[in-house]
Trainee: 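Handing you this structure, nothing more for now.
Just so it is clear: chains get the letters A, B, ... in the order the sequence lines come, proteins before strands, and each one is counted from 1.
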Amino acid sequence: MPELPDVESFKRYLDATSLHKKIKNVHVGNAKVLRGISGRRLKEALRGRSMEETSRRGKHLFAALDDGRWLTFHFGMTGRLAYFKSLDDDPEHDRLRLDFDDGYHLAFDNQRLFGRIGLIDDLDAFIASQELGPDAMDFSLDQDAFAKLMDGKQGGIKAALMDQSLLAGIGNIYADEILFQAKLHPDTRVQDLSTDALRKLYRTMRRVLRVAIDRGAGSEELVDRLPKTYLLPHREAGASCPRCKGTIKTIKTAGRTSYYCPRCQPKPRGD
DNA sequence: TTAAGTGTTGCTCT
DNA sequence: AAGAGCAACACTTA
């Protein structure tokens with residue numbers, strides 16, 4: 001689940017609950033999520049610190065500590081943040097828990113251990129090392145910058161949208177939604193898209209991500225709040241297309257399952 | 001067995 | 001020939 005809209009929700013959640021609170025203790029539920037640091041050293045580094053602000057790039061969430069270092073979060077395929085007072089509410093798959101001095105806790109809940117947490121000194125260096133492209137919602141990424149990113153791409157549009165080094169934040173779910181809304185087949189070659197089609201795709205991408213954020217991405221309620229014309233609530237094989245009532249199909253694209261409507265998103269060429 | 005994440009490997013194409 | 005694109009597989013849990 002955690003793609004750009006979801007991680008943006010987690011960022012706001014952290015902002016609303018956990019900033020400026022002194023970290024009294026740290027509990028490492030499973031050290032497999034730690035990258036580049038041991039549980040013992042992370043505990044030492046965090047104890048007595050507080051998180052002062054957050055940042056996000058694509059699917060990565062960053063929390064600045066009051067000593068200038070950054071705590072980094074990536075949620076993998078499953079996960080969320082959970083803030084609570086009673087340890088009775090500690091999630092089952094709590095992999096890292098910060099215990100604040102006011103008695104509250106913030107947990108990194110990550111069922112499959114694909115999530116990652118790290119501690120870094122230099123945010124720009126981290127982003128460079130991860131080869132992250134511009135965030136898909138970055139204000140400076142306008143339609144011309146978007147077109148420039150796509151310029152010269154040889155592959156399919158879905159693979160390009162999900163390429164984190166090209167554009168950070170879009171995963172399988174939102175790539176499908178964006179392409180459905182843009183009426184583009186996932187296998188459409190980037191080079192076959194006209195300037196006008198790229199502009200339309202850009203606007204669609206921004207709208208879909210914005211709508212998802214505004215309507216509660218990362219929460220269970222999202223599917224109930226999305227517009228009736230969205231694919232996401234119908235994202236299963238054999239489901240009925242919310243636009244034309246045709247049948248939703250799946251294909252493998254760039255190693256991932258793509259859900260799409262063959263009628264609304266016709267193949268660019270025959271084969 | 002499949003899944004919303006990334007990383008690595010090794011092949012093909014240009 | 002180097003680099004891009006892409007598929008297969010690995011990791012992990014339910």
Trainee: Without decimals, in angstroms, what is the distance between A/N172 CG and B/dT6 P?
Mentor: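 Interatomic distance, CG of A/N172 to P of B/dT6: 10 Å.
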
Trainee: Can you name the residues that form a side chain to side chain donor-acceptor pair (under 3.5 Å) with A/R263, not counting sequence neighbours?
Mentor: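 With neighbours one apart ignored, the set is empty.
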
Trainee: Check every atom of B/dG7, B/dA4, C/dG5 against the side chain of A/E3 and return the nucleotide holding the closest atom.
Mentor: B/dA4

Trainee: Any base atoms under 4.0 Å from A/E177, or only sugar-phosphate, or nothing? Heavy atoms, all strands.
Mentor: nothing

Trainee: Can you tell me how far the SG atom of A/C264 sits from the CD atom of A/Q181, to the nearest 0.5 Å?
Mentor: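 Between atom SG of A/C264 and atom CD of A/Q181 there are 9.5 Å.
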
Trainee: NE2 of A/H60 versus C1' of B/dG7: gap in Å, rounded?
Mentor: 12 Å

Trainee: Is the phosphate of B/dG7, meaning OP1 or OP2, less than 4.0 Å from a side-chain N or O of A/Q130?
Mentor: yes

Trainee: Taking OP1 and OP2 of B/dA3, is either one under 4.0 Å from a side-chain nitrogen or oxygen of A/T257?
Mentor: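 Answer yes for this pair, as a side-chain N or O of A/T257 is under 4.0 Å from OP1 or OP2.
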
Trainee: In whole angstroms, how far is the C1' atom of B/dT6 from the CD1 atom of A/I173?
Mentor: 16 Å

Trainee: In whole Å, what is the span from the CE atom of A/M150 to the P atom of C/dA4?
Mentor: 16 Å

Trainee: Just one of A/D6, A/D109, A/N110 clears the side-chain hydrogen bond (donor to acceptor under 3.5 Å, both in side chains) bar with A/R80, so which one?
Mentor: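 Filter result, single survivor: A/D109.
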
Trainee: Can you check each nucleotide of nucleotides 6-14 of chain C against protein heavy atoms at under 4.0 Å and return B for base, S for sugar-phosphate only, - for none, in 5' to 3' order?
Mentor: SS---BBBS

Trainee: If I take atom CZ in residue A/R235 and atom P in nucleotide B/dT2, what distance separates them, rounded to the nearest angstrom?
Mentor: 15 Å

Trainee: Who passes side chain to side chain donor-acceptor pair (under 3.5 Å) against A/K245, sequence neighbours left out?
Mentor: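 Once residues adjacent in sequence are excluded, A/K245 has no partner under the side chain to side chain donor-acceptor pair (under 3.5 Å) criterion.
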
Trainee: In this structure, how many angstroms lie between the P atom of B/dA4 and the CG atom of A/L161, rounded?
Mentor: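 Atom CG in A/L161 sits about 16 Å away from atom P in B/dA4.
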
Trainee: What pairs of donor and acceptor atoms, side-chain ones from residues 117-126 of chain A against any protein atom, are under 3.5 angstrom apart with sequence neighbours left out?
Mentor:
{"from": "A/D121", "atom 1": "OD1", "to": "A/R69", "atom 2": "NE", "distance (Å)": "2.9"}
{"from": "A/D122", "atom 1": "OD1", "to": "A/D124", "atom 2": "N", "distance (Å)": "3.0"}
{"from": "A/D122", "atom 1": "OD1", "to": "A/A125", "atom 2": "N", "distance (Å)": "3.0"}

Trainee: Which ILVMFWY residues are connected to A/I248, directly or by a chain of links, through side-chain heavy atoms under 4.5 Å apart?
Mentor: A/F180, A/L231, A/Y259

Trainee: Just jot down the ring pair (Phe, Tyr, Trp, His ring centres under 6.0 Å) partners of A/F114, sequence neighbours excluded, or say none.
Mentor: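 With sequence neighbours excluded, A/F114 shows a ring pair (Phe, Tyr, Trp, His ring centres under 6.0 Å) to no residue whatsoever.
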
Trainee: Going by side chain to side chain donor-acceptor pair (under 3.5 Å), name the residues that satisfy it together with A/R49, two or more places apart in sequence or in a different chain.
Mentor: A/D66

Trainee: Please give the stem ranges for DNA chain B, sorted by first residue number, where a stem is three or more consecutive Watson-Crick or G-U pairs and both donor-acceptor distances are under 3.5 Å.
Mentor: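 The stems are B:5-14 with C:2-11.
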
Trainee: How long is the line joining CZ of A/R116 and C1' of B/dG7, in whole Å?
Mentor: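 Distance check: A/R116 CZ to B/dG7 C1' gives 8 Å.
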
Trainee: Can you measure A/Q164 atom CD to B/dG7 atom P for me and round it to whole angstrom units?
Mentor: 9 Å

Trainee: Restricting to side chain to side chain donor-acceptor pair (under 3.5 Å), what partner residues turn up for A/K200, sequence neighbours left out?
Mentor: none

